[in-house]
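Small disclaimer: the values here were computed from a predicted structure and weren't measured. Below, chain A is the first sequence line, B the second, and so on; all start at residue 1. Below, all heavy atoms of this structure are taken into account, side chains as well, without hydrogens, waters or symmetry copies.
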There are 4 protein chains.
Amino acid sequence: MLPGVSNTRKPNPARRSERSRRAVLAAARELVSELGYAKVTIEAIAARAGVGKQTIYRWWPSKGAVIFDSFLALSEGGEGIRLPDTGDLEADLKTVMRATVAEFADPVFEAPLRALNTEIVGDPALAALYREKLAGPVDQAKKERLRSAQRAGQLAADADLDLVLEVLYAPLYQRWLHRSGPLTPEYADALVDITLRAFAP
Amino acid sequence: MLPGVSNTRKPNPARRSERSRRAVLAAARELVSELGYAKVTIEAIAARAGVGKQTIYRWWPSKGAVIFDSFLALSEGGEGIRLPDTGDLEADLKTVMRATVAEFADPVFEAPLRALNTEIVGDPALAALYREKLAGPVDQAKKERLRSAQRAGQLAADADLDLVLEVLYAPLYQRWLHRSGPLTPEYADALVDITLRAFAP
Amino acid sequence: MLPGVSNTRKPNPARRSERSRRAVLAAARELVSELGYAKVTIEAIAARAGVGKQTIYRWWPSKGAVIFDSFLALSEGGEGIRLPDTGDLEADLKTVMRATVAEFADPVFEAPLRALNTEIVGDPALAALYREKLAGPVDQAKKERLRSAQRAGQLAADADLDLVLEVLYAPLYQRWLHRSGPLTPEYADALVDITLRAFAP
Amino acid sequence: MLPGVSNTRKPNPARRSERSRRAVLAAARELVSELGYAKVTIEAIAARAGVGKQTIYRWWPSKGAVIFDSFLALSEGGEGIRLPDTGDLEADLKTVMRATVAEFADPVFEAPLRALNTEIVGDPALAALYREKLAGPVDQAKKERLRSAQRAGQLAADADLDLVLEVLYAPLYQRWLHRSGPLTPEYADALVDITLRAFAP
DNA sequence: TGTTAACCGAGACGGTACGTCTCGTCTTGGC
DNA sequence: GCCAAGACGAGACGTACCGTCTCGGTTAACA
């Protein structure tokens, strides 16, 4: 082999077929909803998308990556997320937490979200990508609202905001993942109350 | 179909080979530690255990069930778990939480625990089993300690103990699952401090 | 293990259950007719006969042996076979050959006969048994008739009777095995004519 | 189902790998020689050939078909078979028959030939293929020689040549299959003598 | 404005593991 | 000690996907 020539060909993104990319992501999303993450195969995605398998292997490193990308594409439009800021932290947080509870209960979100979590647990790279592309922006928006509350004296000024978010969300997230209890609006409210007491100024 | 008549022959547990059962569970445990959950195959378990594949399929419905059982078998001896009770709730909880942090960091626990969580996310039946057989007894022990603290006036008498446990453990669990932050003894202490403040009498 | 004790236990034929023996042979015969030789399994024979598998393995060395035995049992009653001897060799042979043609065409004989031949081709021991127990007696009866014809001057006195039988029967047998041509009464007659011409005095 | 639509995907023969085809047939031939037909498995053929199992299942319907094909491939080169024609029918036939006797005795031919016959007995489709592709061409060549003999007045002009071949070969074939007697050059000669007498002009 | 390199769909390939089936042996009670 | 019943270790079955590797057939940049 000639020097500088590699056998792991590097594709040229400029020539990438946008039509194929979209078809793959759409097929991936559909299949995860229909079959659940574990039963989706790359062969099935390719067939459904009307795409050669190589086209998928060329542009994505793994099944997880394809499916993750298909979620990313969904939430892409919603850039610049902002949380409500009425000045009343408790009310604002309860609004947001109740919305989160509702989202977790929505069967449209259920399957893909669980799929995502299944994959993230065992794949550090995907976990990093998840934190960077999905969780990160949302957390930034939440922390923005919390900082505003700190300025307003509604939250301890020295509170570690990452920790605040964890106390607020992790119990909810764990209940959902393990199905260890009901996800009700009252539960959402209770988490807000507890968090505000824990991090009161 | 007539009652009691099934086309999926059901084996007679009385004749089950204890030697095979043990060998399968041991092999499963070893392989999960060595390869991680995703790369363990039933064929490999059977081969390592010196057992026919059919013997596994006869007694377990899925790979997840075998592996779960192999964890169950581990913690079976440790009945009657009790938490330390020195009278000082904060100190006792910090001891326990620091131990949990250490356990999560231990590579011996890492792989199997992640395997378990991977499987639980997508399998409600397994999740129920997990709650009943593994999480349940441990949580009972923890709640016992918390009730003792309530009697001692160190915790709000009307605190929902399930919620207390969630606030205490879920952030830690989430950090570990998502690798979203360092698991340090200080972090363990912080969680105890926050929880005690949130549920102070 | 104690000296003189072997691990290949030798069963005591005196204690053998006649009821089981009969049931096994009957089940074997039925299953060969229904499924053809290749699809019959020892498990199926045992199940149909209401007999433990070990009972079959105890008394027969192989599937072929069981099935062969089941044929033997059939033709056991018909000892002392004699061919017609009207004095007219040609007429007598044509009668017998036409009967053989009819037998080969009878679907009741078809499956078991093919089964037997399948097994015999690849198993010298079974082939020997076949010659001794099934083909032998019949061939003796045929040769008896031919000797009578030799004495009557209808056949060359020095003709090798084994060869005569082969010329008479082998073409028919081969056509049937290979399905290489129609088995008609005329064909039977033609074989007799040819054989008589070839071995004319 | 719509016409032309099938759920059993059919592969495109144009893309078939010649290398794999050859490797499979070679492996099949070797394994039949080494183990005998019954003990050859598709897995073993695939492994020996360095081929995926699916590649075999894609192109052949059964083990029998693979092995049959492996024989076909052997005799493929020898197109346009011609029998010796010195003008002396008896001498020519004895030459050919002695060669056949020798071939049947050759252990290299023994195992595969028995394998082939085992399979043919129970599989009408394979039997037809055998007659068309293997026996047919050879029989044509033989009949050509016999026709030449008819023209030379060495054989009855109205003799049924198929029948002549059967009388000539079937006894030999049956002796070999059933191991019911020795296959000697003298036996070959005897069959020729008998046949010529039976079909003398 | 061809030429040509790369992507595309399709799908065959060598493999691995699946979950099922049957083999022949071993084990357990019942008679 | 034979028997029915059936669990066992073993391993082949035929299928589903894996990830790689050709095939022709379009494109799309560049010569």
Quiz item: Choosing from dC18(F), dG19(E), dC23(E), which nucleotide comes nearest the side chain of Lys53(B)?
Solution: dG19(E)

Exercise. Check the distance between dC21(F)'s C1' and Arg19(D)'s CZ and give it to me in whole angstrom.
Key: 13 Å

Quiz item: What integer distance in Å separates Ile56(B):CD1 from dC18(E):P?
Solution: 9 Å

Exercise. Look at all strands and tell whether Arg58(B) reaches a base, only sugar-phosphate, or nothing, counting heavy atoms closer than 4.0 Å.
Key: base

Quiz item: Does a nitrogen or oxygen in the side chain of Ser20(D) sit under 4.0 Å from OP1 or OP2 of dA12(E)?
Solution: no

Quiz item: Contact class for Trp60(C) vs. all strands (heavy atom < 4.0 Å): base, sugar-phosphate, or nothing?
Solution: nothing

Quiz item: Can you tell me how far C1' of dG9(F) sits from OH of Tyr57(B), to the nearest Å?
Solution: 16 Å

Quiz item: Tell me: CG of Asn12(B) to P of dA4(F), nearest whole Å?
Solution: 19 Å

Quiz item: What distance separates Lys63(D) NZ from Thr41(D) OG1, expressed to the nearest 0.5 Å?
Solution: 7.5 Å

Quiz prompt | Donor-acceptor contact present, side-chain Arg29(A) to main-chain Ser70(A), <3.5 Å | solution = yes

Quiz item: Roughly how many Å is it from CZ in Arg22(A) to P in dC8(E), rounded to a whole number?
Solution: 14 Å

Quiz item: Is the NZ or CZ atom of Arg15(A) positioned over Trp59(A)'s six-membered ring, under 6.0 angstrom from the centre and within 45° of the axis?
Solution: no

Exercise. Would you kindly give the CZ-to-P distance between Arg16(D) and dG14(E), to the nearest whole Å?
Key: 11 Å

Quiz prompt | Base dC7(E) to side chain Arg15(A), donor-acceptor N/O within 3.5 Å cut-off | solution = no

Self-check item: Which residue lies more 5' along DNA chain F, comparing Glu43(D) with Gly52(B) via nearest heavy atoms
Solution: Gly52(B)

Exercise. For the residue pair Glu119(A) and Phe68(A), establish whether any side-chain heavy-atom pair is separated by less than 4.5 Å.
Key: no

Exercise. Can you measure from OH (Tyr37(B)) to CG (Leu116(B)) and round to the nearest 0.5 angstrom?
Key: 9.5 Å

Quiz prompt | Which nucleotide in dG19(F), dT27(E), dG14(F) has an atom nearest any side-chain atom of Ile42(A) | solution = dG19(F)

Self-check item: Along DNA chain F (nearest heavy atom to each residue), the more 5'-positioned of Ala44(D) and Glu18(B)
Solution: Glu18(B)

Exercise. Would you mind reading off the distance between Gln54(A) atom CD and dC7(E) atom P, rounded to a whole angstrom?
Key: 10 Å

